[in-house]
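Below is one structure; the comments refer to it alone.
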Number of protein chains: 2
Amino acid sequence: MSCHTSKDSLHAVGMKVTKAREVLLRVLEASDHPLTVDEIYDRLAQPRPGRPTIYRNLERFIQEGWAESFVDKNQIQRFLRCSTTEHHHHIHCEKCQRTTELDGCAMTKALSQLERQCGYKVTRHQLQIYGLCPGCQKALTLK
Amino acid sequence: MSCHTSKDSLHAVGMKVTKAREVLLRVLEASDHPLTVDEIYDRLAQPRPGRPTIYRNLERFIQEGWAESFVDKNQIQRFLRCSTTEHHHHIHCEKCQRTTELDGCAMTKALSQLERQCGYKVTRHQLQIYGLCPGCQKALTLK
DNA sequence: TCCAAAACAGAATCAAGTTCTATTTCTGTA
DNA sequence: TACAGAAATAGAACTTGATTCTGTTTTGGA
């Protein structure tokens, strides 16, 4: 039984194991949708890390590929845990906010075609996909 | 000779023709890359509209489909003029910041395939593509 | 157990963006 | 051309997400 996943991960990349880091990873993992720093803050039991600590560590997590952030439509940064460090995208349910990690990237072909069309050399891209999750679709048809 | 394009556009949608709006549209049109509100502000001759006026009108322009905004990596909102109200994307040069409007959307097929795979009903998406424009590629190979 | 480096706390600060109210500008009508 | 009502602007004040800074605490290897 492995109760030490986060500890091991932290060690593996040479980061010290601190309360703040363990609890932050736990909060991110427990959520099925991306969280703002305020939401993370509210979910932490006292005594809890301060906001600067939260920001600093989330930044580190992103560097390691353990998490991603994006800016939502209210211009607030949201953070979510990723289960893979491979390039991938997410789909967000517009109704319940649930976020699902997608396998791989569906755009590779379209992008190489694009390169030929516009003359640019594509280096990277960001894609946010929004929709209705299966559960919310069902809820709508029942009305 | 049509010197009244912006005036006509404003009338067409029932917006009053004001100095602020004309000058804002002109600044957006004159730039080949997306501008922050501060950059727009700096390009306006005095007496110039205040920041609230700039934000308010850019918002209106976006509603009309005349412009788009996105949040850059420093979390600052940037605005760019669009030549079409059709759904489309842009590619940004990472070196010179130039932005090019792309024809149509290359993702339609990939998204409907995605729907079948993940069970979500896709409602909308955002795509930012980054790369090197033809000019900057050439400049690199000459070094 | 001890020590140096790393990490944290918390107040202060920064700055993008918004709100609010008084004033000005625009445009249709006479 | 003058007027009136509606729309828009000016500019100060405010909100708030995010960062900086300094002194203190924690971590982990020796």
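Heavy-atom basis, side chains included; hydrogens, waters and symmetry copies ignored. Chain naming here is simple, since letters A, B, ... match the order of the sequence lines and numbering starts at 1 in each.
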Next item on the list: Not counting sequence neighbours, which residues clear side chain to side chain contact (heavy atoms under 4.5 Å, CB included) with B:L44? List them please.
Entry: B:V23, B:V27, B:I40, B:R48, B:P49, B:I54

Margin query: Which label fits A:H90 and A:H92: parallel for a plane angle under 30°, tilted from 30 to 60°, or perpendicular past 60°?
Written below: tilted

Note to self: Rounding to an integer number of Å, can you tell me how far A:E39 CD sits from D:dA18 C1'?
What the structure shows: 16 Å

Checklist line | Residues touching DNA chain D, which here means a heavy atom under 4.0 Å, drawn from residues 45-71 of chain A | finding: A:P52, A:Y55

Check: Crowded around A:Q63 CD? As in, over 12 foreign heavy atoms under 6.0 Å?
Finding: yes

Check: Can you tell me how far P of D:dT16 sits from CG of A:D38, to the nearest Å?
Finding: 10 Å

Next item on the list: Mind calculating the distance between NE2 (A:H11) and C1' (D:dG28) to the nearest angstrom?
Entry: 8 Å

Next item on the list: Would you indicate, yes or no, if D:dA7 has its OP1 or OP2 atom less than 4.0 angstrom from a side-chain nitrogen or oxygen of B:T18?
Entry: no

Note to self: Closer than 4.0 angstrom, basic N to acidic O: yes or no for A:R124 and B:E94?
What the structure shows: yes

Notebook entry, point to check: Atom NZ of A:K19 and atom C1' of D:dT24: how far apart are they, to the nearest Å?
Noted result: 16 Å

Notebook entry, point to check: Taking only residues two or more places apart in sequence or in another chain, which ones pass side chain to side chain contact (heavy atoms under 4.5 Å, CB included) with B:V17?
Noted result: B:K7, B:L10, B:H11, B:E22

Next item on the list: Can you tell me the distance, in whole Å, between the CG atom of A:L10 and the P atom of C:dC8?
Entry: 10 Å

Next item on the list: Tell me whether the OP1 or OP2 atom of C:dA16 has a side-chain N or O from B:Q77 closer than 4.0 Å.
Entry: no

Checklist line | Rounded distance (Å) that lies between atom C1' of C:dG17 and atom CG of B:L35 | finding: 17 Å

Checklist line | Which residues share a side chain to side chain contact (heavy atoms under 4.5 Å, CB included) with B:R56, sequence neighbours left out | finding: B:P52, B:T53

Margin query: Measure CZ/A:R78 against C1'/D:dG17 and give the value in whole Å, please.
Written below: 13 Å

Note to self: Could you check whether B:H33 and B:T99, counting side-chain N and O atoms only, form a donor-acceptor pair closer than 3.5 Å?
What the structure shows: no

Check: Taking atom P of C:dG28 as reference, at what distance in whole Å does atom NZ of B:K16 sit?
Finding: 9 Å

Margin query: Quick check on DNA chain C: between A:A20 and B:V37, whose nearest nucleotide comes earlier from the 5' end?
Written below: A:A20

Checklist line | Terminal helix-axis angle for the helix from C:dT1-D:dA30 to C:dA30-D:dT1, with five pairs defining each axis and rounding to 10 degrees | finding: 30°

Margin query: Under 4.0 Å between a side-chain nitrogen and a carboxylate oxygen: does that hold for B:D72 and B:R78?
Written below: yes

Notebook entry, point to check: When you measure from the side chain of A:V17, which nucleotide among C:dA7, C:dC26, D:dG28 comes out closest?
Noted result: D:dG28

Next item on the list: Please identify each residue that fulfils side chain to side chain contact (heavy atoms under 4.5 Å, CB included) with B:K138, with sequence neighbours left out.
Entry: none

Check: With respect to the side chain of A:Q75, which nucleotide from D:dG5, D:dG17, C:dG17 is positioned closest?
Finding: C:dG17

